[in-house]
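None of the values given here were measured: they were computed from a predicted structure. Residue numbering restarts at 1 for every chain, and letters A, B, ... go by the order of the sequence lines.
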Protein chains: 2
Amino acid sequence: MFSKTCEYAIKAVLYIATQSLNNIRVKIGDVAENTGSPEAFTAKILSTLTKHKLLHSIKGPYGGFEIEEKKMKQIKISEIVYAIDGDAIYNGCGLGLNKCNAAKPCPMHDKFIKVRSELKKMLETTTVHELATKVKAGKSILIRN
Amino acid sequence: MFSKTCEYAIKAVLYIATQSLNNIRVKIGDVAENTGSPEAFTAKILSTLTKHKLLHSIKGPYGGFEIEEKKMKQIKISEIVYAIDGDAIYNGCGLGLNKCNAAKPCPMHDKFIKVRSELKKMLETTTVHELATKVKAGKSILIRN
DNA sequence: CTTATTTAAGATATTTTTATCCGAAATAAA
DNA sequence: TTTATTTCGGATAAAAATATCTTAAATAAG
């Protein structure tokens, strides 16, 4: 569904957000360790997310990543997906046609659109804060040992 | 959503089915040309689909691929997806956890399950015949020029 | 100012996916 | 039986995604 990079990105944001809820700033290594992601690759992803203003980064000693609580209430999961995977999942044709619309639809167009708008709506109405709160409360996990 | 290979596979099956509705047996080259897929790669995919009994192939002159009308009424799009992409789309965790269930869910588990079961149901209730009929009637297309 | 720590950025490597090529096997028709 | 046509299967190649490494830039603390 999402690229592996995007899965890492979502888990990273949620880990950082969860820690930020406790006012803890985290380093790349912490993120990698607690999301089961490769460290150097995680660095790249966090850098991308920071450029997209989805995270706040601080360089130097005692630096790391964090997200303001206000910000995590605003940010939707859809924004993370968009920043990493682009809009293919929102706009692309299910059968890969370079153009596909009601006027000239692929055979799956109608059915695909329907399911996908559910997915889109789900991603656009789910905030980072909502999910981070669940993780903080121990109701869900970001890594499986 | 689906791999590129899977997109080619679905389009190939639908093209062959559409032609079969007119009792026309088609060759690899025809399939590639009419689905906008690379020919040699299409050959590989058709071979896989044939092994999975989703197509009928005939070797030699006047050979090619076809699908009985009876068969295309039975085959669901879900079977094509499963043959090519496996069960990741049906069972995998949205965030890539190697195990994810209601007991130890990833933060998106519930919402993801919901959307995905819609997708699953859609694929499992859509037959090749249904879509091929649409294509035959000119109501949808497999390639965009 | 110097040192240690941390993210940023670019180059490089590995793995997976996508794609091609070529010879073998099957088979219809002359 | 020979030839032409077609799929099949294995080897190889190219492109994209995933992952690592190395150096630079920023900055806090001594």
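Enclosure of atom OH in A/Y82 is not indicated, since only 12 or fewer non-hydrogen atoms of other residues, nucleotides or ligands lie within 6.0 angstrom.
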Contact list (N/O, under 3.5 angstrom) for nucleotides 26-30 of chain D vs protein:
none

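The stretch residues 23-31 of chain A has no heavy atom under 4.0 angstrom from DNA chain D at all.
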Nucleic acid footprint by protein, nucleotides 14-19 of chain D - heavy-atom cut-off 4.0 Å, B for base, S for sugar-phosphate alone:
----SB
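Between A/M122 and A/L119 there is a side-chain heavy-atom pair separated by less than 4.5 Å. No side-chain heavy atom of A/K114 sits less than 4.5 Å from a side-chain heavy atom of A/D110.
Residues B/S37 and B/K11 bring no donor and acceptor atom of their side chains to less than 3.5 Å of each other.
Under the ring-ring contact (aromatic ring centres under 6.0 Å, His included) criterion, A/Y8 pairs with A/F41, sequence neighbours left out.
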Could you go through residues 98-106 of chain A and list every donor-acceptor pair under 3.5 Å that involves a side-chain atom there, pairing it with any protein atom two or more places apart or in another chain?
from: A/N101; atom 1: OD1; to: A/A103; atom 2: N; distance (Å): 3.2
from: A/N101; atom 1: OD1; to: A/K104; atom 2: N; distance (Å): 3.0

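Mapping heavy-atom proximity under 4.0 Å, the span of DNA chain C touched by chain A runs 5' to 3' from C/dA4 to C/dA11.
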Please test A/Y90 against A/L123 for side-chain contact (heavy atoms from CB on, under 4.5 Å), starting from the C-alpha separation and ending with a verdict.
CA-CA 10 Å; A/Y90 302 120; A/L123 297 174; 3.8 Å; yes
Salt bridge (Lys or Arg N to Asp or Glu O under 4.0 Å), that's the test. Do A/K76 and A/E124 meet it? Break it down for me.
CA-CA 6 Å; A/K76 314 296 186 303; A/E124 285 175 348; over 6 Å; no
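The two residues A/V128 and A/A17 make their nearest non-hydrogen contact at CG1-CB, 3.6 Å. The two residues A/R25 and A/Y62 have their closest heavy-atom pair at NH1-O, 2.9 Å. Looking at every heavy atom in both residues, A/D85 comes nearest to A/S3 through OD1-OG, 2.6 Å.
The 5' end of DNA chain D is approached more closely, in terms of each residue's nearest nucleotide, by B/S57 than by the other of A/E39 and B/S57.
Cluster membership check: A/V26 shares its hydrophobic cluster with A/L14, using side-chain heavy-atom separations under 4.5 Å among Ile, Leu, Val, Met, Phe, Trp and Tyr.
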